[in-house]
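Inspection log for the structure reproduced underneath, given as structure tokens.
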Amino acid sequence: MRVAGLIMAVVALFLTSPVLAQDWGEYVNREEFFTVNFPGAPSVKEQPYKTVKGTELKAKIFTADAAPGSLLEGRYSMTVVNYASASGEVGDAIQQAADAIRKMGVVKYDEPGNIDRIHSQRLTVETPDGKRILAEILVEANRLYIVEANVPQNVPPPAQFQASVQILDKDGVRIRYQPDGVTRQR
């Protein structure tokens with residue numbers, strides 16, 4: 001009886017493995033100073049981004065989709081807005097981005113956080129179409145980063161995506177602030 005159960009488990013594993021398989025991999029972008037895991041190569045598009053004070057900036061949006069029916073089904077994106085020409089407005093950037101995400105549905109989680117001790121805002125929002133948006137928003141070196149997973153509510157939280165975010169310095173090395181405020185690389 002145990003052998004039959006084992007055989008059934010192995011057969012089930014082989015039949016479902018295409019649904020679970022993903023081409024998740026590390027995506028590094030030195031131009032925008034970040035790395036993150038995506039479910040495949042992301043597409044990139046630019047679009048206008050208006051600050052609270054009305055300044056027109058450009059946003060670069062890196063997006064990859066995990067296959068429908070897969071364990072991590074959904075759309076994963078990293079939006080980068082360079083505030084170098086509006087550095088006086090970067091102080092409002094996290095709040096502005098968080099407000100835009102809050103308007104997408106019912107807020108279930110909304111707390112400050114950090115990535116390598118870089119201040120961030122973490123949000124979970126349930127949308128009217130049955131999706132869940134998990135976002136982390138941070139600013140480093142005059143760049144606004146909006147890390148966003150838009151997934152069905154019935155799939156597990158996208159921990160692999162969220163935990164993989166790293167902000168890089170000009171040499172492509174991960175920035176890691178310590179409690180004393182000093183930056184130390186790996």
Side-chain angles (χ1 to χ4, degrees), residues 13 16-47 49 58-82 93-94 97-98 100-101 104-105 108-127 130-178 183-186:
L13 178 66
T16 61
S17 61
V19 172
L20 298 176
Q22 293 290 315
D23 287 333
W24 281 87
E26 182 180 48
Y27 175 78
V28 178
N29 189 294
R30 287 181 166 232
E31 181 181 306
E32 299 300 341
F33 304 98
F34 74 89
T35 179
V36 66
N37 288 347
F38 274 124
S43 63
V44 182
K45 72 176 184 175
E46 286 190 10
Q47 72 180 38
Y49 187 88
K58 284 191 180 168
K60 282 188 184 176
I61 304 166
F62 303 81
T63 305
D65 293 318
S70 67
L71 184 60
L72 295 173
E73 171 184 349
R75 172 158 285 182
Y76 299 86
S77 66
M78 168 71 88
T79 301
V80 183
V81 183
N82 189 336
I94 291 176
I101 293 171
M104 295 179 177
K108 295 296 184 175
Y109 182 81
D110 190 354
E111 293 291 330
N114 74 74
I115 294 177
D116 293 329
R117 297 190 188 263
I118 299 169
H119 170 74
S120 69
Q121 187 68 31
R122 294 180 177 168
L123 295 128
T124 301
V125 175
E126 291 182 357
T127 63
K131 301 274 179 124
R132 185 175 359 149
I133 297 171
L134 296 103
E136 186 143 18
I137 306 160
L138 62 142
V139 170
E140 177 63 29
N142 282 327
R143 280 186 170 74
L144 170 68
Y145 296 91
I146 305 168
V147 185
E148 188 175 320
N150 191 331
V151 299
Q153 290 181 25
N154 64 343
V155 301
Q160 175 181 351
F161 175 68
Q162 293 174 303
S164 70
V165 176
Q166 296 178 21
I167 305 303
L168 308 175
D169 68 11
K170 63 179 177 47
D171 298 318
V173 178
R174 180 181 189 176
I175 295 174
R176 302 183 95 176
Y177 290 105
Q178 300 301 313
T183 306
R184 295 189 179 97
Q185 279 83 18
R186 33 180 164 183

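- Going from atom CG of L72 over to atom CZ of F161 covers 11.5 Å, rounded to the nearest 0.5 Å.
- The shortest side-chain heavy-atom distance between Y76 and V151 falls under the 4.5 Å cut-off.
- Across S120 and I115, no two heavy atoms sit closer than the pair OG-N, 4.4 Å.
- From R176, atom CZ reaches atom CD of Q166 across 7.5 Å, with rounding to the nearest 0.5 Å.
- Once rounded to the nearest 0.5 Å, the distance linking NZ of K58 with CG of N82 reads 11.5 Å.
- Between the CZ atom in R143 and the CG atom in L138 there is a gap of 12.5 Å [rounded to 0.5 Å].
- In this structure, the side chains of V165 and E136 stay at 4.5 Å or more apart for every pair of heavy atoms.
- Between I167 and D116, every side-chain heavy-atom pair lies at or beyond the 4.5 Å cut-off.
- Tested against K108 for a side chain to side chain contact (heavy atoms under 4.5 Å, CB included), the candidates E126, Q153, R132 yield a single pass: E126.
- Using a 4.5 Å cut-off on side-chain heavy atoms (C-beta onward), H119 and P112 make contact.
- Counting heavy atoms from C-beta outward, I137 and I101 have side chains that approach closer than 4.5 Å.
- Atom CG of L134 is separated from atom CG of L123 by 9.5 Å, given to the nearest 0.5 angstrom.
- Taking each heavy atom of T63 and S77 in turn, the nearest pair found is OG1-CB, 3.8 Å.
- Smallest separation of non-hydrogen atoms from F62 and E32: CZ-CG, 4.2 Å.
- Below 30°, between 30° and 60°, or above 60°: for F34 and Y145 the angle between ring planes is above 60°, a perpendicular geometry.
- Salt bridge annotation for E111-R122: absent, with no cationic side-chain nitrogen under 4.0 angstrom from a carboxylate oxygen.
- Taking all atoms of both residues into account, the shortest heavy-atom contact from A59 to T79 is CB-CG2, 4.0 Å.
- Under the 4.5 Å side-chain criterion, counting only non-hydrogen atoms from C-beta, R174 is not in contact with T35.
- Shown here for L144 and A97, the closest heavy-atom pair between the two residues is CD2-CB, 4.3 Å.
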Checklist entry - Yes or no on side-chain contact (heavy atoms from CB on, under 4.5 Å) for V44 and N29, after CA distance, side-chain angles and deciding distance? => result CA-CA 11 Å; V44 182; N29 189 294; over 6 Å; no
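- Between I61 and Q47, some side-chain heavy-atom pair lies under the 4.5 Å cut-off.
- Between F33 and E140 there is no side-chain heavy-atom pair separated by less than 4.5 Å.
- Within the 3.5 Å criterion, the main-chain N or O of V173 finds no donor-acceptor partner in the side chain of D171.
- Between the OG atom in S43 and the CZ atom in F38 there is a gap of 8.5 Å [rounded to 0.5 Å].
- The minimum heavy-atom distance between A66 and P39, with the atom names listed, is N-CG, 3.8 Å.
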